[in-house]
Each structure stands twice: as C-alpha cells, then as structure tokens.
Amino acid sequence: MSHPQTLDWNLPYASHRSAVMGRNVVSTSQPLAAQAGLRMLLAGGNAVDAALAAAMALTVVEPSGCGIGSDGFAIVWDGQELHGLNASGRSPAAWTPDYFARLGGIPEKGWNAVTVPGAVSAWVALSARFGKLPFEQLAQPAIDYARHGFPVSPTIARLWELGAAKLGDQPGFAECFMPQGRALRAGEVFRSEVHARTLELIAATRGEAFYRGELAEKMAAHARAHGGAMTVDDLAAHRADWVGTVSQRFGDSVIHEIPPNGQGIAALMALGMLDALGVGAQPLDGVDSMHLQIEAMKLAFADLHQYNADIDHMRVAPADLLRAEYLRERAALIDPQRAGSPTYGAPRPGGTVYLAAADAQGMMVSFIQSNYMGFGSGVVVPGTGISLQNRGHGFSTESGHANEVGPRKRPSHTIIPAFAMHADGTPQMAFGVMGGPMQSQGHVQMALRALRYGQNPQAAADAPRWRVTGGKGVAVEPAFDAAVVEQLRARGHEVTVEAGNGVFAFGGAQLVLRQGDIYVAGSDPRKDGCAVAF
C-alpha cells in the first residue's frame, strides 16, 4: 500500500516554459484535457475532433471554469474557409422585464441566472460538420476521467474552494462538488459516475437527450422545483447558429471574432484604433504603447456597453462600429499624454475555457466554453452532473437598452474565440484569453505581442497584463514593470497592482501560431495551461 506524503503546493521560484512546436498541436488550460485531444489526433482524428474531446474533458477536470451546462463558441479554419459558430443559449420565454422587476433584479446565482446551455449543441454541430471520428469516441476520455477519477490540481483546488464558499448552498452543488462536505483539495481524486453517465447519454443521442429528452426533462423539473422559469420547450427551441465572423485589418493580419452577442467586436475596435495610431513603433512594454492600448480599449468598451446585444436586437450594425472612418475618429480622441474618461460614440454611416487545436492537414480550431462566473449559477441538476452557467446575469435591466432582458434572447456575452489570418487569406493564429470582461482586452494584448511585435506565443502568454476597470481605473499584474506603473499614474491613470490569483482578474491564454508546415503553441501558467504536440 502506498503512503503519499504531504506536499507543499506553493511555487516559490520563478518558472519558465518554452513554446511547444509540432505538426499537430492541442493547447488547453488543463493537461489532462490536452491529452484527451492528443488521443484523438493519434487515433486519426482532426483538429475539430481534438478540440471537442478536450472540451468535453474540461467539463470534468476543470469544473471551476466550465460544465456540461456551459455555453460555447468556435472559429474553424477547415483548410479552405473560415467558419464561426455561436452556440450561446437564449433566455427562457418567461423572462420579461416585469419578471425580474418582481425579483428585484437579475441574480448571479440560482436558476434565475440560467439561460439555455449551449455547449452541448456546439459539440454536436462541430462534430457533424467537420469531425472525422465517431462522436462517442470523442466523449470517451471525459467519461473515463469522470468514472475512474482524476487528481485535482492545486490551481483548480483553489478555485473549487472559492466556488464552494460562494455556491455551496445552491441546489445540487454540494451533492456533486462537495462529496465529503467540503471542496476537493489538491491531490485528492474526484469521481462523478453521474457525470460519466450523462456524457454517455449525450454521446449516444448526439445531444438529443439534452435538449429534447430525458436530460431536458430533468433540467426543467429541477428548475420548476427551485423557482426557475426554464421549461422543456425552452430547451427544445435551442439551436446553435453558423454566423461567420466579423473582422478587422491589423497591419499585415486580419483579426476575426464571432459577431455580437459576443464582446469580440470590442477587441476589433481597439485594434483598429491602434492601427490608426501607428502602434508598433514604440517599445512593446513601454509607457507609450501601454497608454495607447489602455485608452483604445476604454473607448471600445464605452461603445460595447452601449450597443452590444443579441444581434437580432442591436440598433447599430457591427459593420458601423468597425468602419475605418469611425475608428479613426475614435482614435483621434486619445490624448497621447493623458488618461481620458471616454463615452460611447455615434457609429452610424454617413453622418465574454479556451482551447486551440491544429492538425497537419491545415485545420485550425479556436474554441471556448464557459460557466461565466467560476462554477456559474451554482445549480447542479441532481443525478446528472450537469452544472449550469449564469449567463442571464449578463442582461441589462435598463428599460429600452439593446441588451435589456427579454424572452428567447441572447445576452451580451463575454466568451469569445479569436482567429488571425494573413492578409493574403492564409491562416495565421488561433488564440483566446479566458476571464469574463478580460477577454477582449486580452485579445488586444495577444494580437499586439504576437502579430505586431513578433513575440513567440509562450512569451505572449507569460507577459504581465493590464485590465481597464472603469473610468480611469487600470489594474495590472504584480510582475508589471514598476517604472511603467508610475509613468502611467503620471499620465492620469488610476493604477492598482492586483496580487493574488491571476486566473480571475487577468485570465489565461492559449495561442497556436502557424509557421510554414508547423505550429508554435503557448499556454498560460496562470491556470494549468498545457500544450502538447507531435
């Protein structure tokens, strides 16, 4: 019998990792999920098969970030063409402004924060259109991790503890995620037979049981028992949509994002302004470059918060927000020496768990799925392992706002995959950054580092990040250059240095960059980032 010793899980010394290179690559936020994807590539599958196996595995091994009840988005380069998938869910039909007025607002947790979960529909749609391997085979690694167990990593254990403290009182949470009456600790093995059986049922029915069968009925019954509005009709009405992408020229690259309701358009707006300002001539980590990045992001967010919504309800077209003339006008508002407090513009013409995979045949996938706030709503449907997101909290209750809560409507969404193409139409990089409103800001920083300044993907993922926080507020990581922090303050920025767990505040990044016939991958040490290749 083995007797494992008690280990200190702190990492007191600076650690450095190299970029990973190969003709086939998977980069995720958790090593076991990366290996699940690699198994599919070794079995003759393609990058979509690898991405889906990793995504399903992440619902087991990183429940603090995603679950079977998450939402999902993807951008796929199939070797010839770029495709965008929006699999975010819509609100229940009963969600009206009056419904939430009676509740006193939209909560962060519980059933009244849950929109229809879309991740399962993303898996099914991507597999049906692009996959090579049987759908059941893609689910097997996740099923094995759930049934036979996996050791919880120190990073996930910290997030698990925080999630349990906040959500332990939510229906079904403790039964699933606190099997010993507490959160799992680092090194302990977590098993969930009900999660395994649910994944088997989803795989066997290609998602039908989830939206129109046994699992849908269990979700609707649980919602009804706990004051929620979700019905079997709401679940059955869900669909994932092939929506293409919106794009922005950035130097010799073209950056692609999913159209609204996602926040990716804010990254495109900021990059368009930075291009107009000639960013790239200044030292990458110097105050001049950082100041312009922050100011452009603030302007982009002002427009995002005013206009972004379910695309069927927007009053401004995405193309209007990305017009070159409009972005030049917005860029002209930036004072190169002083922090501003921007408001939204008038963009009318004429006066957001991220992973990336790529294969030797040229297919590249940028995929993201998320619970939103950690474990999401905290709701877990008993006997299923289905933990549910809290995307409904992304709606506004402001009367007349484009993102005002309403029936069968998608909320403004934080999770966004990104993709870069060369200007000649060939694929360049699949990338993304996890972490709520950090995501579009992270996209700007990754694109600048890798595409404008030529940093390798691992260096781009490792670099300390900034995040605008409203008004003139800017948060930076502790590793940020102290001299630059003081120079930013001298320009009027209200800078705070945020210590602690960077996963929450500054996200985690994965990048896969194509270099001729090989790929170069970076993964983020803020989570358990891991890239594998062959």
Side-chain angles (χ1 to χ4, degrees), residues 56 58-71 89 92 94 107-121 139 142-143 145-150 152 159-161 163-184 188-205 207-236 238 369 371-392:
M56 293 187 214
L58 283 165
T59 70
V60 182
V61 301
E62 195 175 336
S64 55
C66 70
I68 299 174
S70 287
D71 275 355
E108 285 189 11
K109 54 187 182 179
W111 265 108
N112 283 310
V114 182
T115 54
V116 174
V120 170
S121 70
I143 292 167
Y145 290 139
R147 177 161 289 142
H148 304 301
F150 70 95
V152 177
L159 301 176
W160 207 310
E161 184 177 15
K166 178 181 178 181
L167 301 168
D169 61 343
Q170 291 305 303
F173 186 93
E175 176 187 337
C176 183
F177 292 122
M178 302 168 68
Q180 300 177 52
R182 58 168 174 79
L184 273 287
E188 292 184 330
V189 173
F190 178 67
R191 297 179 179 85
S192 179
E193 174 62 26
V194 294
H195 196 130
R197 291 202 298 265
T198 290
L199 286 170
E200 286 175 330
L201 187 54
I202 288 170
T205 65
E208 281 297 301
F210 191 85
Y211 293 107
R212 282 165 283 276
E214 175 184 336
L215 297 173
E217 291 168 1
K218 288 182 177 180
M219 283 187 276
H222 194 243
R224 190 165 55 250
H226 293 280
M230 188 83 68
T231 66
V232 289
D233 289 341
D234 293 322
L235 289 157
H238 173 75
Q369 65 186 20
N371 286 337
Y372 192 20
M373 299 177 180
F375 281 87
S377 66
V379 174
V380 184
V381 181
T384 69
I386 298 172
S387 62
L388 291 152
Q389 38 84 333
N390 59 336
R391 284 292 162 188

Side chains of [X] and [Y], heavy atoms from C-beta outward: is any pair under 4.5 Å?
X    : Y    : result
H222 : W111 : yes
D169 : K109 : yes
V60  : S192 : no
E193 : R147 : yes
P179 : L184 : yes

Does [X] reach the main-chain N or O of [Y] with its side chain, forming a donor-acceptor pair under 3.5 Å?
X    : Y    : value
T198 : H195 : no
Q170 : V379 : no
Q389 : T115 : yes
W160 : F177 : yes
S377 : A113 : no
N112 : G227 : yes

Plane angle bin for Y145 and F150 - parallel if under 30°, tilted between 30 and 60°, otherwise perpendicular: perpendicular

If you take all heavy atoms of [X] and [Y], which pair is closest and at what distance?
X    : Y    : answer
G207 : V120 : CA-CG1, 4.0 Å
L167 : G378 : CD1-CA, 3.8 Å
V380 : F173 : CG2-CA, 3.8 Å
I68  : F210 : CG2-CE1, 3.7 Å
S70  : N371 : OG-OD1, 2.8 Å
G110 : V114 : O-CG2, 3.6 Å

Measure the spacing between [atom1] of [X] and [atom2] of [Y] and express it to the nearest 0.5 Å.
X    : Y    : atom1 : atom2 : value
M56  : L199 : CE    : CG    : 7.5 Å
R391 : M373 : CZ    : CE    : 8.5 Å
C66  : D71  : SG    : CG    : 11.5 Å
E208 : E214 : CD    : CD    : 13.5 Å

Flag if over 12 foreign heavy atoms under 6.0 Å of CD, E200: yes

